[in-house]
Amino acid sequence: MKKIVLLSYKIMIISGLVFMISLNSCKEEELNTFSGVVTDMSSGQPVAGVKVSLYASVVSSTSISSAFNYIIETTTDANGNYYFECETNSYLKFRIRYEKEGFHSLVDDFDPEDQIAQYTSNQPFARESYIYVKVHNQSPNNDDDQFKIRIERINEECTNCCSGEFHYYNGAYTDTSFLCSTVGGDSVLIYSISIHNEETQIRENKVYCQPGDTVFYNAYY
């Protein structure tokens, strides 16, 4: 009788272990998740159809590589939302790239928080727009002429846009140009100072950045 009870007890223990192993094997694999909302940098409205791609650099058993390898991609829905998952690994750094025709591409690099984590990144996305500035020193001019110009009030969140620093020009003759990337839908201020015959003239002009287009601006002095 004791042998039968002992045998039954062993069977129950083995059955319990088998059940636990089976339960663990059925568990969903734990994954890193990435989500967020992409909005128009100027209007704040959601942007649909943005390609959002995940890259990562990985620490392997033989080396540490800073190169980013493609992992997965998705597109934002009508509300600008995106979501994807990736398996756990010894990641060194993540990179998410946002791309859509008519917008300045955007790259966001960040460090892993843990082996498994949930990442949320809401991104303002800038529509493409450009200002083409032509700089020309008109006659009469002289060797002491000075001119400086910059584009102010560019949204600082636009990583592909101009810095807003001054462009400097000196001397009797200047006939050149430069191109500045801006945020479509925003308005900027073009600020310039010219010195001719020891007289200083300051100009300020507000310019609307036409989305998907180039605005031509003549800076004659």
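Everything numeric here is computed off the predicted structure, so don't read it as measured data.
- Taking CD of Glu85 as the reference point, atom OG1 of Thr74 lies at 11.0 Å (rounded to 0.5 Å).
- Within the model, atoms OH of Tyr82 and OG1 of Thr75 stand 13.0 Å from one another, a figure rounded to the nearest 0.5 Å.
- Lys206 and Ser187 make their closest contact through CE-CB, 3.7 Å (heavy atoms, listed as atom of the first residue, atom of the second, distance).
- With rounding to the nearest 0.5 angstrom, the CZ atom of Arg203 is 7.0 Å from the CZ atom of Phe147.
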Kindly determine whether Phe103 and Val50 satisfy side-chain contact (heavy atoms from CB on, under 4.5 Å), including the steps that lead there. CA-CA 9 Å; Phe103 286 76; Val50 179; over 6 Å; no
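- The aromatic rings of His136 and Tyr220 sit perpendicular, their planes meeting at an angle over 60°, well past the 30° parallel limit.
- By the rule that hydrophobic residues join a cluster once side-chain heavy atoms approach within less than 4.5 Å of another member, Met41 and Tyr208 end up as members of separate clusters.
- Within the 4.5 Å cutoff, no side-chain heavy atoms of Asp108 are placed close to those of Leu106.
- Atom-to-atom distance recorded for Ser129:OG and Asp213:CG is 7.0 Å, nearest 0.5 angstrom.
- Nearest heavy atoms, Arg127 versus Asp40: NE-OD2, 2.8 Å.
- Counting only N and O atoms by type, the side chains of Ser177 and Tyr132 include a donor and acceptor under 3.5 Å apart.
- Scanning both residues, His196 and Asn141, for their nearest heavy atoms gives CE1-CA, 3.9 Å.
- Within the 4.5 Å cutoff, the side chain of Ser121 has no heavy atoms near those of the Phe94 side chain.
- Grouping the Ile, Leu, Val, Met, Phe, Trp and Tyr side chains by contacts below 4.5 angstrom, directly or via other members, places Ile151 with Tyr217.
- In the hydrophobic cluster analysis, where Ile, Leu, Val, Met, Phe, Trp and Tyr join through side-chain heavy atoms closer than 4.5 angstrom, Phe216 is grouped together with Tyr130.
- Ile202 has its side chain within reach of Tyr191: a pair of non-hydrogen atoms, C-beta onward, lies under 4.5 Å apart.
- The side-chain heavy atoms of Thr76 and Pro46, taken from C-beta on, include no pair separated by under 4.5 Å.
- A pairwise comparison of heavy atoms in Asn160 and His104 identifies ND2-CB, 3.6 Å as the closest pair.
- Distance check: Ile154 CD1 to Asp186 CG gives 9.5 Å after rounding to the nearest 0.5 Å.
- Between Asp114 and Asn32, the closest heavy-atom pair is O-OD1, 4.5 Å.
- Less than 2.5 angstrom separates the SG atom of Cys162 from that of Cys180.
- The OH atom of Tyr221 sits 3.5 Å away from the OG1 atom of Thr174 when rounded to the nearest 0.5 Å.
- Under the 3.5 Å distance criterion, the side-chain polar atoms of Tyr119 are matched with a main-chain donor or acceptor of Glu113.
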Check against side-chain contact (heavy atoms from CB on, under 4.5 Å), Asp145 and Tyr169: CA-CA 8 Å; Asp145 286 351; Tyr169 305 94; over 6 Å; no
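- Under the 4.5 Å side-chain contact rule for hydrophobic residues, Val133 and Val207 share a cluster.
- Cluster membership check: Ile72 shares its hydrophobic cluster with Val58, using side-chain heavy-atom separations under 4.5 Å among Ile, Leu, Val, Met, Phe, Trp and Tyr.
- More than 12 heavy atoms of other residues, nucleotides or ligands lie within 6.0 Å of CD in Gln138, so this atom counts as buried by the packing criterion.
- Here Glu128 pairs with nothing under the side chain to side chain donor-acceptor pair (under 3.5 Å) rule; sequence neighbours left out.
- Judged by distance alone, the side chain of Thr120 and the main-chain N or O of Gly36 form no donor-acceptor pair under 3.5 Å.
- Smallest separation of non-hydrogen atoms from Pro211 and Gly185: CG-N, 3.6 Å.
- Side-chain N or O atoms of Lys93 include none that pairs as donor or acceptor with a backbone N or O of Phe68 at under 3.5 Å.
- In terms of modelled atom types and a separation under 3.5 Å, the side chain of Asn155 and the main chain of Glu157 share a donor-acceptor contact.
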Between Val215 and Cys209, does the side-chain contact (heavy atoms from CB on, under 4.5 Å) criterion hold? Intermediate values first, please. CA-CA 7 Å; Val215 177; Cys209 304; 5.8 Å; no
Should Glu87 and Leu31 be marked as a side-chain contact (heavy atoms from CB on, under 4.5 Å) after you check the CA-CA gap, both sets of side-chain angles, and the distance that decides it? CA-CA 5 Å; Glu87 297 178 355; Leu31 301 169; 4.0 Å; yes
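- A donor-acceptor pair under 3.5 Å is formed between the side chain of Asn122 and the backbone N or O of Val37.
- Between the side chain of Thr88 and the main chain of Ile116, no donor-acceptor pair closer than 3.5 Å is present.
- Checked by atom type and distance alone, the side chain of Asn170 never pairs as donor or acceptor with a backbone atom of Gln146 at under 3.5 Å.
- The ring pair (Phe, Tyr, Trp, His ring centres under 6.0 Å) test with Phe34 is passed by exactly one of Tyr55, Tyr83, Phe84: Phe84.
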